[in-house]
Amino acid sequence: MDPMFISAFVSSIQHVFSTMMQLPVTIGEPTIKQSPSTTYDVSGIIGMSGDVTGNIVLSFPKSTAQRIVQLLTGNEVPVENPDFADAIGELTNMISGNAKGHFQGKKRVSISCPSVIIGPSHIVARPKDVPCVAIPCMTDCGEVVMEIAVQERPAMAAQAA
């Protein structure tokens, strides 16, 4: 995986969390994720297409997600409330959109609408033969893990699309 992809998402999560919630993010050591299940119980998911394909998952423990949604919205939002999933989806969208901005002029990339899954041990399908890099991120609200499984499309395939 191109290190530019990793640095774009690391920079993006730090920027979005600090500007939207005044919440600093400390980045941990990236690892290759072996398990197909997400790290935690709440996941915001964005797909990427174009010159770069794959998906990005923001995975939160439920308690961390609740604290972050409260900071983002200014209100305590129960997990069962549809606004909770909307807030997680919007946060995932902001981070992915900001990271996509780092590709401007270098890569043509589109991002999907966010999806949110809430529940223990769920699995997000990832592109075949694409390693998933898990990046732990620590905040005052708890840990968030970015799971990045993207690859650059070969030039021939990108031109045909």
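Just so it is clear, the values below take in all heavy atoms, side chains as well, and ignore hydrogens, waters and symmetry mates.
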Testing the basics here: between I111 and K100, what is the closest heavy-atom pair and its distance to 0.1 Å?
CG2-CD, 4.3 Å
Can you tell me how far apart CD1 (I88) and CD1 (I117) are? Round to the nearest 0.5 Å.
13.0 Å
Mind checking whether F60 and D41 have side chains closer than 4.5 Å, heavy atoms only?
no
For the residue pair S12 and A99, what are the closest heavy atoms and their distance?
OG-N, 3.4 Å
Transitively linked via ILVMFWY side-chain contacts under 4.5 Å: V130 with V124?
no
Please say yes or no: joined through hydrophobic side-chain contacts below 4.5 Å, possibly via intermediate residues, are M4 and I95 part of one cluster?
yes
Looking at D51 and R108, is there a salt bridge between them, counting it only when a charged N and a carboxylate O are closer than 4.0 Å?
yes
Below 4.5 Å, heavy atoms only, C-beta onward: do C137 and E143 meet side chain to side chain?
no
Taking the side chain as every heavy atom from C-beta outward, state whether F84 and I118 have any pair of such atoms under 4.5 Å apart.
yes
Establish, from distance only, whether the side-chain atoms of S43 and H122 form a donor-acceptor pair under 3.5 Å.
yes
Measure the shortest side-chain to side-chain distance between T53 and Q151 over non-hydrogen atoms and say whether it is less than 4.5 angstrom.
yes
Okay, side chain of K62, backbone of V42: is any donor-acceptor separation there less than 3.5 Å?
no
Using side-chain heavy atoms (C-beta onward) and a distance below 4.5 Å, is L71 in contact with L23?
yes
Is the shortest side-chain heavy-atom distance between N81 and V79 below 4.5 Å?
no
Co-membership, hydrophobic cluster, residues I45 and V109, 4.5 Å side-chain
no
Only one of V57, L58, V144, V145 forms a side-chain contact (heavy atoms from CB on, under 4.5 Å) with T39, so which one is it?
V145
Min side-chain heavy-atom separation I56-F9 under 4.5 Å:
yes
Quick one: closest heavy-atom pair of M48 and V150, and the distance?
SD-CG1, 3.7 Å
Are M138 and V25 close enough, and set up right, to give a side chain to side chain contact (heavy atoms under 4.5 Å, CB included), and what steps lead you there?
CA-CA 6 Å; M138 187 50 75; V25 177; over 6 Å; no
Give the C-alpha distance, both sets of side-chain angles, the deciding distance and a yes or no for side chain to side chain contact (heavy atoms under 4.5 Å, CB included) between E90 and M94.
CA-CA 6 Å; E90 184 53 32; M94 287 188 285; 3.5 Å; yes
Within the side chain of S96, is there an N or O that forms a donor-acceptor pair under 3.5 Å with the backbone of T92?
yes
Co-membership, hydrophobic cluster, residues I13 and Y40, 4.5 Å side-chain
no
Closest non-hydrogen atom pair between S59 and T38, with its separation:
OG-CB, 3.9 Å
Spacing of CD belonging to Q14 relative to OG1 belonging to T19, to within rounding of 0.5 Å:
11.5 Å
How would you list all residue pairs meeting salt bridge (Lys or Arg N to Asp or Glu O under 4.0 Å) that involve residues 14-40, not counting sequence neighbours?
K33-E147
Please answer: with hydrophobic residues joined when any side-chain heavy atoms are less than 4.5 Å apart, are I27 and V16 in the same cluster?
yes
Determine whether N93 and I46 satisfy the following criterion, side chain to side chain contact (heavy atoms under 4.5 Å, CB included), listing intermediate values before the conclusion.
CA-CA 7 Å; N93 189 51; I46 292 272; 4.0 Å; yes
If we ignore hydrogens and angles and just use 3.5 Å, is the side chain of T73 paired with the main-chain N or O of V69 as donor and acceptor?
yes
Spatial distance of atom OG1 (T139) from atom CZ (R67) [nearest 0.5 Å]
8.0 Å
Stepwise side chain to side chain contact (heavy atoms under 4.5 Å, CB included) check, N98 with H102:
CA-CA 7 Å; N98 187 280; H102 289 272; 3.5 Å; yes
For I123 and P36, work out which heavy atoms get closest and say how close.
CG2-O, 3.5 Å
With rounding to the nearest 0.5 angstrom, report the CD to SG distance, Q34 to C132.
9.5 Å
Around Q22, counting heavy atoms of other residues, nucleotides and ligands shown, do more than 12 lie under 6.0 Å from its CD?
yes
Can you tell me how far the CG atom of L72 sits from the SG atom of C141, to the nearest 0.5 Å?
10.5 Å
Minimum heavy-atom separation for T64 to G142, with atom names?
OG1-CA, 3.5 Å
Check: V77 and Q70 side chains under 4.5 Å, non-hydrogen atoms
no
